[in-house]
Q: 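Have a look at the structure that comes next, please.
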Amino acid sequence: MTPDFFQLLSEPKRVTIQYFHYASAPYGCDLSALVSSVEQDWLRPEIGRIADWAQTAETLVDQRERRIRGKAVLLTGEAR
């Protein structure tokens with residue numbers, strides 16, 4: 001099942017994602033190429049917001065409404 005995060009924001013007001021799997025082995029090469037491009041300064045991603053995972057709903061709404069320029073980074077666990 002692929003979650004529709006924008007649908008989650010409309011109702012219910014509280015949502016718990018128990019398991020979320022974004023990428024598997026086929027994407028490894030692509031992700032590696034992106035990381036390499038950033039490391040070599042060929043690609044400069046613009047980060048418009050860094051927020052705690054608890055602010056996911058607000059961050060997604062702000063992205064949808066184009067109030068964030070660039071990427072949003074949500075911190076979890078030890079990254080906080």
Side-chain angles (χ1 to χ4, degrees):
M1 178 179 124
T2 302
D4 180 349
F5 288 107
F6 295 113
Q7 182 181 10
L8 293 175
L9 297 176
S10 61
E11 284 194 33
K13 295 301 178 197
R14 284 190 166 275
V15 174
T16 300
I17 298 174
Q18 294 180 350
Y19 179 77
F20 181 73
H21 180 77
Y22 178 74
S24 59
Y27 298 107
C29 291
D30 292 338
L31 293 174
S32 178
L34 285 173
V35 169
S36 178
S37 295
V38 171
E39 287 176 336
Q40 296 178 33
D41 208 25
W42 295 339
L43 177 66
R44 295 186 186 124
E46 181 175 351
I47 299 175
R49 178 177 300 171
I50 299 174
D52 188 85
W53 184 259
Q55 296 175 308
T56 299
E58 173 188 335
T59 301
L60 288 173
V61 168
D62 287 347
Q63 276 194 313
R64 181 184 65 203
E65 300 298 323
R66 302 193 184 277
R67 290 189 285 256
I68 298 173
R69 180 179 173 166
K71 306 296 182 193
V73 176
L74 296 171
L75 302 176
T76 62
E78 295 178 16
R80 291 184 207 170

Q: Going by heavy atoms in the side chains, are Glu58 and Val61 under 4.5 Å from each other?
A: no
Q: Asp52 and Leu74: which non-hydrogen atoms are nearest, and at how many Å?
A: O-CD2, 3.9 Å
Q: Which heavy atom in Ile68 sits nearest to a heavy atom in Thr59, and how many Å separate them?
A: CD1-O, 3.7 Å
Q: Check whether any side-chain heavy atom of Leu34 lies under 4.5 Å from a side-chain heavy atom of Asp30, and answer yes or no.
A: no
Q: Could you tell me whether the side chain of Ser37 and the main chain of Ala33 form a donor-acceptor pair under 3.5 Å?
A: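 Judged by distance alone, yes, a pair lies under 3.5 Å.
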